Enquirer: 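Attaching a single structure in structure tokens format; questions to follow.
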Amino acid sequence: MTWMTTTTTPELGGLVLDWFAVAARDLPWRHPGTTPWAVLVSEVMLQQTPVTRVLPVWEAWLARWPTPAALAAEPAGEAVRAWGRLGYPRRALRLHQAATAVVERHDGVIPAELDALLTLPGVGAYTARAVAAFAFRQRHPVVDVNVRRLYARAVEGRADPPATVSRRDLAAVAELLPADAETAAMTSAALMELGALVCVARTPRCPACPLLGQCAWVAAGSPAGTGPARRPQGYAGTDRQVRGRLLAVLRDAEHPVDRMLLDQVWDEPVQRGRALAGLIEDGLVAELSPGVYALPA
DNA sequence: AATCCGTGGAA
DNA sequence: TTTCCAAGGAT
């Protein structure tokens with residue numbers, strides 16, 4: 001792969017790095033010596049999940065499963081149980097699948113190549129590049145929602161980023177990165193941190209921003225965006241809520257549970273049945289015998 | 001491309 | 001109280 005070496009705003013990276021050196025949070029997965037496996041676990045846990053909720057689960061997870069092989073040696077249900085209430089429990093299942101794939105295909109070693117990372121379950125365009133950059137110190141554009149929002153504002157002058165990430169977005173962010181791989185990796189972490197702490201979604205703290213003087217959005221008068229797209233529905237009453245309740249019962253149970261116990265979490269039988277069937281379909285729940293359920297083996 | 005997939009804190 | 005949204009991925 002060939003990288004662009006020109007930079008449209010060569011000073012941006014330096015400003016962000018200087019700010020990062022002073023303002024960055026002390027997050028354990030950024031400490032030197034953090035294994036690629038630990039970085040991967042952090043990235044998957046952080047998908048759509050705030051840092052403060054990830055921290056204790058990440059610590060416990062790695063204390064119990066310090067290597068992919070350690071996790072792969074246990075039932076997938078143990079991963080789902082250890083996931084706790086982080087949300088989107090399919091991530092736990094995929095992390096277990098990824099650990100298994102790493103053991104089977106990579107001798108238990110997290111691969112450093114982007115293409116190999118992309119084949120792992122639960123590892124998409126963002127997570128693969130995050131691992132390649134943060135664990136292996138390679139030069140890749142690491143574009144999450146923070147970076148997209150920061151880029152939309154500082155460079156494009158727009159209040160909000162586009163809904164989806166395109167290849168052109170990746171290329172555009174790549175142009176912001178310095179040529180040196182180690183510095184590029186640190187710049188990516190800094191861009192994410194700035195988006196997470198200063199250039200936040202609802203009320204950006206522009207006075208604290210190192211890019212204030214060159215921000216295209218501020219220069220344009222900080223025009224309001226179109227606002228968030230209306231969510232089709234809230235959370236209460238959805239299948240997601242029912243699935244969450246069902247899985248919570250199984251997570252907290254040390255033994256298989258009867259259907260009668262699961263039936264108590266939701267009154268409406270059709271939706272309840274649909275939710276349970278969905279969990280089984282997803283591999284998050286196993287039916288050991290008719291009417292008896294547990295986390296998967 | 002649009003939708004689905006959890007959870008809980010902050011405003 | 002309700003709404004927003006948080007280091008996305010799979011289909």
Side-chain angles (χ1 to χ4, degrees), chain A residues 24-25 27-30 38-58 80 83-95 97-98 117-135 140-151 160-166 169-170 173 185 188-197 199-205 225-251 265 274-275 277-279 281-285:
Chain A
R25 291 167 293 182
L27 301 177
W29 42 82
R30 290 184 187 148
V39 172
L40 173 61
V41 172
S42 78
E43 292 299 340
V44 173
M45 287 185 173
L46 286 162
Q47 292 168 6
Q48 304 288 285
T49 309
V51 164
T52 54
R53 290 175 52 205
V54 166
L55 282 167
V57 183
W58 182 83
V80 174
W83 198 254
R85 304 188 67 82
L86 278 186
Y88 293 145
R90 291 192 293 196
R91 292 182 291 166
L93 212 52
R94 288 178 179 141
L95 204 42
Q97 293 166 351
L117 290 165
L118 283 167
T119 69
L120 299 176
V123 177
Y126 163 76
T127 303
R129 286 172 179 79
V131 172
F134 301 146
H140 294 285
V142 184
V143 183
D144 72 335
V145 67
N146 292 307
V147 176
R148 288 194 290 120
R149 187 174 54 245
L150 181 65
Y151 186 88
D160 302 299
T164 59
V165 202
S166 68
D169 295 330
L170 290 184
V173 171
S188 288
L191 291 172
M192 292 173 60
E193 190 78 340
L194 187 57
L197 297 183
C199 196
V200 297
R202 230 178 308 194
T203 310
R205 318 188 212 300
T226 58
R230 256 297 188 259
R231 275 176 170 64
Q233 55 187 354
Y235 177 63
T238 62
D239 284 8
R240 283 150 103 153
Q241 183 181 27
V242 185
R243 287 167 57 107
R245 289 192 183 182
L246 290 170
L247 202 58
V249 171
L250 295 170
R251 260 201 324 263
V265 307
R274 184 172 65 237
L279 288 169
E281 173 68 22
D282 290 344
L284 285 165
V285 172

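Chain letters run A, B, ... following the sequence lines, proteins first, then strands; residues in each count from 1. Given the structure is predicted, the values throughout are model-derived calculations rather than measurements.
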Enquirer: Taking the side chain as everything from C-beta on, heavy atoms only, tell me whether A/Trp58 gets closer than 4.5 Å to A/Pro28.
Expert: yes

Enquirer: Between B/dC4 and C/dA7, how far is it from one P atom to the other, in whole Å?
Expert: 23 Å

Enquirer: When you compare the side chain of A/Trp29 with that of A/Val51, does any pair of heavy atoms fall below 4.5 Å?
Expert: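 They are in contact (side-chain heavy atoms under 4.5 Å apart), so the answer is yes.
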
Enquirer: Under the 3.5 Å rule, do the base of B/dG6 and the side chain of A/Thr49 count as making a donor-acceptor pair?
Expert: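 Between B/dG6 and A/Thr49, which were checked side chain against base, a qualifying N/O pair under 3.5 Å is present.
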
Enquirer: Distance check needed: B/dT7 C1' versus A/Leu86 CG, whole Å only.
Expert: 9 Å

Enquirer: Expressed as a whole number of angstroms, how long is the span from A/Asp282:CG to B/dC4:P?
Expert: 14 Å

Enquirer: At less than 4.0 Å, is any side-chain N or O atom of A/Tyr235 found next to OP1 or OP2 of B/dG6? Yes or no.
Expert: no

Enquirer: When all nucleic acid strands are considered with a 4.0 Å heavy-atom cut-off, which category describes A/Arg85: base, sugar-phosphate, or nothing?
Expert: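 A/Arg85: backbone/sugar contact only, no base atoms under 4.0 Å.
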
Enquirer: Hey, does A/Leu284 have a side-chain heavy atom less than 4.5 Å from the side chain of A/Leu93?
Expert: yes

Enquirer: Classify the nucleic acid contact of A/Ala130 as base, sugar-phosphate or nothing, counting any heavy atom under 4.0 Å across all strands shown.
Expert: nothing

Enquirer: Atom CZ of A/Arg91 to atom C1' of B/dC5: distance rounded to whole Å?
Expert: 10 Å

Enquirer: Nearest-nucleotide wise, let me know which of A/Thr52 and A/Gln48 is further upstream toward the 5' end of DNA chain B.
Expert: A/Gln48

Enquirer: Looking at B/dT7, does its base get a donor-acceptor pair with the side chain of A/Arg53 below 3.5 Å?
Expert: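 For A/Arg53, whose side chain was compared with the base of B/dT7, there is a donor-acceptor pair (under 3.5 Å).
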
Enquirer: Taking for each residue the nucleotide of DNA chain C bearing the nearest heavy atom, is the 5' side occupied by A/Leu118 or by A/Arg202?
Expert: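 That would be A/Arg202.
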
Enquirer: Categorize A/Trp83 for me: base, sugar-phosphate, or nothing, with a 4.0 angstrom heavy-atom threshold over every strand shown.
Expert: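 No contact.
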
Enquirer: Say we look at B/dG6 and C/dT11: how far apart would their P atoms be, to the nearest angstrom?
Expert: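 Their P atoms lie roughly 14 Å apart.
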
Enquirer: Using a heavy-atom cut-off of under 4.0 Å over every strand shown, decide if A/Leu27 touches base, sugar-phosphate, or nothing.
Expert: base

Enquirer: Would you please confirm or rule out a distance under 4.0 Å between OP1 or OP2 of B/dG6 and any side-chain N or O of A/Arg243?
Expert: yes

Enquirer: How many Å lie between CG on A/Leu93 and P on B/dC4, as a whole number?
Expert: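 For the pair A/Leu93 CG and B/dC4 P, the rounded distance is 21 Å.
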
Enquirer: Looking only at the side chain of A/Thr127 (C-beta and beyond, no hydrogens), which of the listed nucleotides C/dG8, C/dA6, B/dG6 gets closest?
Expert: C/dG8

Enquirer: Contact class for A/Arg148 (heavy atom, under 4.0 Å): base, sugar-phosphate, or nothing?
Expert: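 No contact at all - A/Arg148 keeps every heavy atom at 4.0 Å or more from the nucleic acid.
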
Enquirer: Assuming nearest nucleotide by heavy-atom distance, tell me which of A/Leu46 and A/Arg94 is located more 5' along DNA chain C.
Expert: A/Leu46

Enquirer: Quick check: on DNA chain B, is the nucleotide nearest A/Thr203 upstream (toward 5') of the one nearest A/Leu247, or the reverse? Name the residue that is more 5'.
Expert: A/Leu247

Enquirer: For A/Tyr88 and B/dG8, what is the distance between atoms OH and C1' respectively, to the nearest whole Å?
Expert: 12 Å

Enquirer: What is the separation between atom CZ on A/Arg240 and atom P on B/dC5, rounded to the nearest whole Å?
Expert: 6 Å

Enquirer: I'd like to know if A/Arg149 and A/Asp160 make a salt bridge, using a cut-off of under 4.0 Å between side-chain N and carboxylate O.
Expert: no

Enquirer: Ion pair present between A/Glu43 and A/Arg91, side-chain N to carboxylate O less than 4.0 angstrom?
Expert: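 Salt bridge absent between A/Glu43 and A/Arg91.
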
Enquirer: Within the structure provided, determine whether A/Val173 and A/Arg148 are in side-chain contact (heavy-atom separation under 4.5 Å).
Expert: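 No, every pair of side-chain atoms sits at 4.5 Å or beyond.
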
Enquirer: Select base, sugar-phosphate, or nothing to describe what A/Ala163 touches, counting heavy atoms under 4.0 Å on all strands.
Expert: nothing

Enquirer: For A/Val145, which contact category applies under a 4.0 Å heavy-atom criterion: base, sugar-phosphate, or nothing?
Expert: sugar-phosphate

Enquirer: Would A/Tyr88 and A/Arg240 count as having a side-chain donor-acceptor pair, cut-off 3.5 Å?
Expert: yes

Enquirer: What is the distance, rounded to the nearest whole Å, between atom CG of A/Leu117 and atom C1' of C/dG9?
Expert: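 In whole Å, C/dG9 C1' lies 15 Å from A/Leu117 CG.
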
Enquirer: Send over the distance from A/Arg25 CZ to C/dA6 C1', rounded to a whole Å.
Expert: 11 Å

Enquirer: Determine the contact category for A/Gly87: base if any of its heavy atoms lies under 4.0 Å from a base atom, sugar-phosphate if only primed atoms, P, OP1 or OP2 are that close, otherwise nothing.
Expert: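 A/Gly87: base contact, heavy atoms under 4.0 Å.
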
